[in-house]
**Student:** 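Starting off with a structure, shown below.
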Amino acid sequence: QQPVQSPQAVILREGEDAVINCSSSKALYSVHWYRQKHGEAPVFLMILLKGGEQKGHEKISASFNEKKQQSSLYLTASQLSYSGTYFCGTGNSGNTPLVFGKGTRLSVIA
Amino acid sequence: EAGVTQSPTHLIKTRGQQATLRCSPISGHTSVYWYQQALGLGLQFLLWYDEGEERNRGNFPPRFSGRQFPNYSSELNVNALELEDSALYLCASSLGPQTYFGPGTRLTVT
């Protein structure tokens, strides 16, 4: 079951904050966040395992609500380099393939 | 440490031909995944190989096939190419929950 991402697209000015949501209709074991720039491969940002933890990487952090079967990616004080398409991928235990949402296109403008 | 590598970078074929794409996972990674990313679409799971065996396949016709070699590298074959097969084909590898993508092979079918 493909996770649902929202919003589909968002435009920000430098320094503004954004939240990208990822929800699933089935129980989640893990949520993986990637950023893909045009013409490039998706780059791994972070992984969240069930347990409601929150992780952060510089000004990008994420939360995982196991009960609500959703994850949110928080981008704080956005920079031009944050532009790209963000994908969430959901996984089961083990090495089972990730199932990705359709992506959220984020554009940061000066 | 070298990341996931793929070859060729670009491939142009005509309808009805066969295409072969290659992938070398990160050293030590035993699982290899293939994803198709058509223009403007998300990442669609194609095939999963682990320890030389096909573990799972996505909702794609049988003309999409592949294999994994003893050194864990992998090959994706697409027979009887159709115009809608034009896409970026991404290979990924993992040795646990974290999945890393290669740069992709852009296949164009004319």
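In what follows, chains are A, B, ... by sequence order, proteins preceding strands, each numbered from 1.
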**Student:** Of all heavy-atom pairs between B:Gly102 and A:Ala41, which one has the smallest distance, and what is that distance?
**Tutor:**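 Of all heavy-atom pairs spanning B:Gly102 and A:Ala41, the closest is O-CB, 2.8 Å.
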
**Student:** A:Thr85 versus chain B, heavy atoms under 4.5 Å apart: side chain, backbone, both or neither?
**Tutor:**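 Neither the backbone nor the side chain of A:Thr85 comes within 4.5 Å of chain B.
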
**Student:** Is there a path of hydrophobic side-chain contacts, each under 4.5 Å between heavy atoms of I, L, V, M, F, W or Y residues, that connects A:Ile20 with A:Val108?
**Tutor:**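 In one cluster with A:Ile20: A:Val108, yes.
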
**Student:** Does the side chain of A:Tyr34 come within less than 4.5 Å of B:Phe101's, by heavy atoms?
**Tutor:**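 In contact.
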
**Student:** Flag the pair B:Thr99 / A:Phe44 as yes when at least one side-chain heavy-atom distance between them is below 4.5 Å, and no otherwise.
**Tutor:**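 With C-beta onward as the side chain, the pair stays apart.
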
**Student:** Is B:Leu43 close to chain A through its backbone or its side chain, or both, or neither, when contacts mean heavy atoms under 4.5 Å?
**Tutor:**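 For B:Leu43, the contact with chain A is made by backbone and side chain together.
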
**Student:** Which bit of B:Ser31 comes within less than 4.5 Å of chain A, counting heavy atoms only: side chain, backbone, both or neither?
**Tutor:**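 The side chain, not the backbone.
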
**Student:** Does the side chain of B:Gln37 reach to within under 4.5 Å of the side chain of A:Phe87, using non-hydrogen atoms?
**Tutor:**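 Yes, their side chains come closer than 4.5 Å.
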
**Student:** Under 4.5 Å between side-chain heavy atoms, counting indirect links through other Ile/Leu/Val/Met/Phe/Trp/Tyr residues: same cluster for B:Leu81 and B:Leu76 or not?
**Tutor:**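 Shared cluster, yes.
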
**Student:** Please classify the contact between A:Gln36 and chain B as side chain, backbone, both or neither, with a heavy-atom cut-off of under 4.5 Å.
**Tutor:**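 The side chain, not the backbone.
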
**Student:** Examine whether an atom of B:Gln44 lies under 4.5 Å from a heavy atom of chain A, and if so say whether it belongs to the side chain, the backbone or both; otherwise answer neither.
**Tutor:**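 Just its side chain gets close to chain A.
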
**Student:** Does B:Tyr35 reach the main-chain N or O of A:Leu98 with its side chain, forming a donor-acceptor pair under 3.5 Å?
**Tutor:**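 Judged by distance alone, yes, a pair lies under 3.5 Å.
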
